[in-house]
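What follows is a set of notes on a single structure, which appears directly below.
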Amino acid sequence: MSSAADSHEAIRSDKLRAIAALGVDPWGHRVDGLMPIGDVLKLPTDVAEDQRPQVKVAGRIVLRRDSGKVHWIDLWDWTTPLREGDRGKIQVMLGQKQVGEVGWKLAQYLDLGDQVAVEGTFGKTRMGEPTIFAEKVTFLGKSLLPHPDKYSGMQDTEFRLRHRYLDLIYNPETLDRAKKRIQIIRTIRRYLDEQGFLEVETPVLHAIAGGAAARPFATHHNALDIPLFQRIALELPLKRLLVGGMERVYEIGRVFRNEGISPRHNPEFTMMELYQAYGDYRSMMDLTEGLIVDCVKALGGSMVLPYGEHTVDFTPPFQRAKYADLFREYVGVSMEDSDACARVAAQTGYPTAGKHPDVIVQHLFEENVEDKLIGPVFVYDYPATLCPLTKRQWGNEKIAERFELYIRGMELANAYTELNDPVTQEMTFRSQLAGLSADESMAKMDEDFIRALRHGMPPAGGLGIGIDRLIMLLTNTQTIRDVILFPLLRPEKA
RNA sequence: GAAUGCGUAGCUCAGCCGGUAGAGCAACGGACUUUUAAUCCGUAGGUCCUGGGUUCGAUUCCCAGCGCAUUCACCA
């Protein structure tokens, strides 16, 4: 006997043919009048046998017990998380006398992973288990490959990511997170819509990948014979819309950065950016707080959510702290004292020669402050040179009107009073370009954007939120790959 | 990109200080009309990630490669 002839797949294929030989389509067809299994499980079971309600459900066979003239299968559909206590699925009894001749033959060919619909009465067994006593079985689809272990499920990270469809079935957290993600994004849309923002769609393919300092993915348009880049930010097109009089706009969309992969970085991720005419970074703080509080509420109620070994308290108002104050507190010197900063940086081995003082300040901030920011805390008033798209404070050119929202050391939101002065904007673009190495400086100067600003952009506040990281935080997920259904993996070898 | 760890049956995992491998579940055959990770009897299932090296002999030791994970680097 060769192993191939004996394989799970071969055996299941044989069963599939046997099912077809019964005159039953092994790939199923439309079924009407189905009830969600979650709803059936809520029906009362303590009724007399002749009073049992008639039900009809469809789902996947996740467990099977065969005891002679009666088979028991556990059916699962997406309305009930698998493995949650013993109510994660519904038990179905297939009795030889009850399901008819074809139904009984069919029962002999059922495997874990197959999909069936059953009709029957709903009650409980002698042992008190809620059960559908099947009168009719309809075959809906064969699983030609065996499913994961019914008890241990799937543990291997790579296996889970490469078989997300199985992960969704056997690890309830996966489906739960996917649902929560949808709910959070829906909440953001509702919140912004209520505030009068318009959701817009801007191009993914850019001739110039601007709006952030990141390496883009490059592609090529054949008919025009031009290089194109996938967007790395939403900012520049949205601000053009501000110039065009669209006073409150936002976009929730995928951006792409050709950089490393880590528990917090996926090459494509989802960003929300919004721009509000006549606002500033302080109006963005209020809006951000309201938005996140709404998302937390949408998930169920508690304002204190677990994250890893810690908790995060989202009860408003969030703390607000000046960058310079935090800097002095944790670094021990004033960020305006360039010599002192350089000295502290040099002590830790950081090369300071030729670096702009603000770059050194930023380094020290990242090293000494960021991971202390348990938050939620709005850090505001940044050193200006770090923020090329941000308006400077009126009367203090060294300070940029910007904040970042930190929670558990993660940057969750980033907002500015937008720079609407085309002359300053062009200057900061150019000075930034001058500091970039050759491969980083690819076509970042967006002349058309400057031209748009010359036509007059209203003063405005702008906000960006990394949606994936927000969802990580709100769903207690430690890796971005688990809030994205299909994170990038190296392709399997053939 | 670097360091470390991991890769064994469909799944979850043992094991081998070098003598070509085991368990539970799944599968196959049989018994059982109220089971609950059903139980009982029996059977089969493996390129021990890939390629080299050392050795009489490598799944085990060594080297290289591939994949994944963690940490770091990169990353507004």
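Lettering follows sequence order; numbering is per chain, from 1.
- You'll find that the side chain of A/Trp72 is closest to B/rU34, out of B/rU34, B/rU36, B/rU33.
- Listed here is the closest heavy atom pair of A/Phe122 and A/Ile132: CD1-CG1, 3.9 Å.
- Checking B/rA76, B/rU33, B/rC68 against every side-chain atom of A/Glu411, the shortest atom distance belongs to B/rA76.
- Among A/Thr417, A/Thr390, A/Thr288, A/Asp381, the one residue that satisfies the side chain to side chain donor-acceptor pair (under 3.5 Å) test with A/Tyr281 is A/Asp381.
- With hydrogens and angles ignored, no donor-acceptor pair closer than 3.5 Å exists between the side chain of A/Tyr382 and the base of B/rA76.
- Considering only side-chain atoms of A/Asp111, the nucleotide from B/rU35, B/rA37, B/rA27 that sits closest is B/rA27.
- In terms of position on RNA chain B, the residue among A/Glu404 and A/Arg12 whose nearest nucleotide sits closer to the 5' end is A/Arg12.
- Side chain of A/Met93, nearest nucleotide from B/rC25, B/rU34, B/rA76: B/rU34.
- Residues satisfying the ring-ring contact (aromatic ring centres under 6.0 Å, His included) test with A/Tyr275, not counting sequence neighbours, are none.
- The side chain of A/Ser262 lies closest to B/rA73 when the candidates are B/rA73, B/rA76, B/rA27.
- Contact check on A/Lys142 versus A/Asp111 returns a salt bridge, with a Lys/Arg side-chain nitrogen under 4.0 Å from an Asp/Glu carboxylate oxygen.
- Across all strands shown, B/rC11 pairs with B/rG24; the Watson-Crick or G-U wobble distances both stay below 3.5 Å.
- Nearest to the side chain of A/His265, among B/rC75, B/rA26, B/rU33, sits B/rC75.
- Picking from B/rU33, B/rU36, B/rC68 the nucleotide with the shortest atom distance to the side chain of A/Thr157 gives B/rC68.
- Here B/rG19 sits opposite B/rC56 as a Watson-Crick or G-U wobble pair (both hydrogen-bonding atom distances under 3.5 Å).
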Protein-nucleotides 8-11 of chain B N/O pairs closer than 3.5 Å?
| unit_1 | atom_1 | unit_2 | atom_2 | d |
| --- | --- | --- | --- | --- |
| B/rC11 | O2' | A/Asp149 | N | 3.2 |
| B/rC11 | O2' | A/Gly153 | O | 2.7 |
| B/rC11 | O2 | A/Asp149 | OD2 | 3.4 |

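- The side chain of A/Ile11 lies closest to B/rA27, out of B/rC68, B/rA27, B/rA76.
- Pairing for B/rU70 goes to B/rA3, judged as Watson-Crick or G-U wobble with the two contacts each under 3.5 Å.
- Contact of A/Arg65 with B/rU35 (side chain to base): a donor-acceptor pair of N or O atoms is detected under 3.5 Å.
- The side-chain hydrogen bond (donor to acceptor under 3.5 Å, both in side chains) test applied to A/Thr479 returns no partner, not counting sequence neighbours.
- Across all strands shown, B/rU47 forms no Watson-Crick or G-U wobble pair with both key distances under 3.5 Å.
- Here the side chain of A/Leu63 is nearest to one of B/rA76, B/rA38, B/rU34, namely B/rA38.
- Taking both residues in full, the closest heavy atoms of A/Gly113 and A/Ser143 are given as O-CB, 3.4 Å, listed atom of the first, atom of the second, then distance.
- Contact detail for A/Tyr382 and A/Arg402: the closest heavy-atom pair is CD1-O, 3.4 Å.
- Out of B/rU33, B/rC28, B/rA38, the shortest distance to the side chain of A/Lys15 is found at B/rC28.
- Using a 4.0 Å heavy-atom criterion, one finds that A/Phe365 contacts no nucleic acid atom at all.
- With values rounded to the nearest 0.5 angstrom, A/Ile465 atom CD1 is found 6.0 Å from A/Ile188 atom CD1.
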